[in-house]
Amino acid sequence: MITVRRTKGQQILIDTARKHMVAVDEIRSACKLQHVVSARWECAYRLRHELQLPYAAIGRFLKKDHATIIHACRAYKNPRRPYQRAGASGAWLQDPG
């Protein structure tokens, strides 16, 4: 029997894919479905914080740009409410009365 050893990064990728019930190839793809993006963000965050990998290395591993990985790590750590965007005061959501 031949066993193949996985790197810690590969194991994080596989574990994250299983948790979110997506294929590993989907995490590395350009798919923008919410459940795939959530898995990708978690994978990037875990690679950054568990293995202390640089953003560029994570980008190469996930086939993404380093800026995308920076955004993913920040977005996973601090999720916004669905209708809130950067710089929005939210004043338009409040009752004027």
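Just the heavy atoms: all of them, side chains too, but no hydrogens, waters or symmetry mates, feed the values below.
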Seminar exercise, completed: Quick note, ring pair (Phe, Tyr, Trp, His ring centres under 6.0 Å) partners involving residues 10-41, not counting sequence neighbours, are Trp41-His71
Problem set entry | Residue pairs fulfilling side chain to side chain donor-acceptor pair (under 3.5 Å) with at least one residue in residues 57-66, sequence neighbours excluded |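 Listed by first then second residue: nothing to list.
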Problem set entry | Residue pairs, two or more places apart or on separate chains, that pass side chain to side chain donor-acceptor pair (under 3.5 Å) and touch residues 49-58 |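 As it turns out, the side chain to side chain donor-acceptor pair (under 3.5 Å) pairs with a partner in residues 49-58, which skip direct neighbours, are Arg46-Glu50.
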Exercise. Do side-chain atoms of Gln10 reach the backbone of Thr7 as a donor and acceptor pair under 3.5 angstrom?
Worked result: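 Yes.
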For this session: Keeping the roles fixed (side chain from Arg48, backbone from Cys73), state whether a donor-acceptor pair exists under 3.5 Å.
Result: no
Are [X] and [Y] connected, step by step, through hydrophobic side chains (Ile, Leu, Val, Met, Phe, Trp, Tyr) whose heavy atoms are closer than 4.5 Å?
X: Leu13; Y: Leu33; answer: yes
X: Ile69; Y: Ile12; answer: yes
X: Tyr45; Y: Ile14; answer: no
X: Val22; Y: Leu47; answer: yes
X: Val24; Y: Val37; answer: no

Exercise. Which atom names give the shortest non-hydrogen contact between Ala23 and Ala17, and what distance separates them?
Worked result: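 Residues Ala23 and Ala17, closest heavy atoms: C-CB, 4.3 Å.
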Problem set entry | Spacing of SG belonging to Cys43 relative to OH belonging to Tyr76, to within rounding of 0.5 Å | 10.5 Å
Exercise. Once you round to the nearest 0.5 Å, how far does CD of Gln11 lie from CZ of Arg5?
Worked result: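 Result: 10.5 Å between the selected atoms.
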Problem set entry | Salt bridge flag under 4.0 Å for residues Glu26 and Arg40 |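 Arg40 and Glu26: not salt-bridged.
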